[in-house]
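Structure record follows, encoded as structure tokens.
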Number of protein chains: 2
Amino acid sequence: MDGARLERILSALRASGGRITTARRALVTAIVEADGHVTAEDLAETVQRSHPDVHRSTIYRTLDALEELGLVDHVHLGHGRAVYHLLDDPHQHLVCERCGHVIEVPDELFRPLADDLQKGYGFRLRPNHFAVLGRCAECAATP
Amino acid sequence: MDGARLERILSALRASGGRITTARRALVTAIVEADGHVTAEDLAETVQRSHPDVHRSTIYRTLDALEELGLVDHVHLGHGRAVYHLLDDPHQHLVCERCGHVIEVPDELFRPLADDLQKGYGFRLRPNHFAVLGRCAECAATP
DNA sequence: TTAGCTGCAAAAGGTTTGCAAATTA
DNA sequence: TAATTTGCAAACCTTTTGCAGCTAA
């Protein structure tokens, strides 16, 4: 399963004229295995476990390259580091502003809102880039 | 009108045990006059026009104080600086990810979504902290 | 008088960049 | 070989912090 995702990504990278280096393969493997909610820092650590001298800047540059190809996106879940994730399975991030808990919800929930914004403002929603803040069930219960 | 807002904010600040200094009065005036979408940098510049040695750190500290009192909030419209705004008139920010244009829309538009999230996930939406990205009408029209 | 603010300078924290050397296709 | 990537070190940019002096109440 994951092998296929890995290959899909590497092929796209290659097809765009990019090169598959050890560092890139290791990074892509790390993202595929992490499968969501990983910071550049997390990825750097994972990659460095097997390839100690892959530098943070390489991580960032490769993530940039993957984003430009539309294979990866990053989301700001709060202040501080962004998290990166693969672009299949479109979903939103609900983040509890008190405990930090992250809930993934399917994109379709945002459909009605997206339609309203389209009709009323001509605005085409692409809400994935920032998290949606609020309170999770537990934190909403305890004041 | 704005005088009333100014006084309301200063009173709240005073009531919480805070002191009204020249710097604080100037900053609050600047926010009231700017009325939305101002960065700390913008505010610093405005304040410094009349009070050149108010330092950036004072701006940030005062904004913090105002946020703690629930008088002001800040929103991340994109990468880089956050923007600050007064907390009356609850609204959302739609930001065009291509041209950067900001559209304010009333909170009520998010009511149905908020209800869905509440029902389905026990999640209480508080969406104001991050902007909602997408494409404005013009940019959506031209590919 | 005294708690609360301030300016300054310096640091923090995440991300980006210039460069020369190394590597891929 | 030619074009891309890489590691490194240093810079960047916004925001935060420690501190000693200043000031509003």
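Proteins get letters first, then strands, A, B, ... in listed order; numbering begins at 1 in each.
For B:Arg111, the CZ atom counts as loosely surrounded, since its 6.0 Å shell holds 12 or fewer non-hydrogen atoms of other residues, nucleotides or ligands. The number of heavy atoms from other shown groups lying within 6.0 Å of CZ (B:Arg124) does not exceed 12.
Reading DNA chain D from its 5' end, the first and the last nucleotide to sit under 4.0 Å from a heavy atom of chain A are D:dA3 to D:dC8.
In this structure, A:Tyr121 and B:Ala137 approach most closely via the heavy-atom pair O-CB, 4.3 Å.
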Between protein and nucleotides 2-7 of chain C, map the contacts as a letter string: B base, S sugar-phosphate only, - none, heavy atoms under 4.0 Å, written 5' to 3'. -BSSBB
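Ranked by how close their nearest DNA chain D nucleotide is to the 5' end, B:Arg14 and B:Ala40 are led by B:Ala40.
The ring-ring contact (aromatic ring centres under 6.0 Å, His included) pairs that include a residue from residues 31-73 of chain A are A:His37-A:His93, where partners are two or more places apart or lie in different chains. For residues 7-23 of chain A, the side-chain hydrogen bond (donor to acceptor under 3.5 Å, both in side chains) pairs, not counting sequence neighbours, are A:Arg8-A:Asp88.
A:Asp53 pairs by the salt bridge (Lys or Arg N to Asp or Glu O under 4.0 Å) definition with nothing, not counting sequence neighbours.
The aromatic rings of A:His74 and A:Tyr84 sit tilted relative to each other, their planes meeting at an angle between 30° and 60°.
Taking the six-membered ring wherever Trp is involved, the centroid distance between the rings of A:His85 and A:His91 falls below 6.0 Å.
Taken over five-pair windows at either terminus, the axes of the helix from C:dT1-D:dA25 to C:dA25-D:dT1 are inclined to one another by 30° (rounded to 10 degrees).
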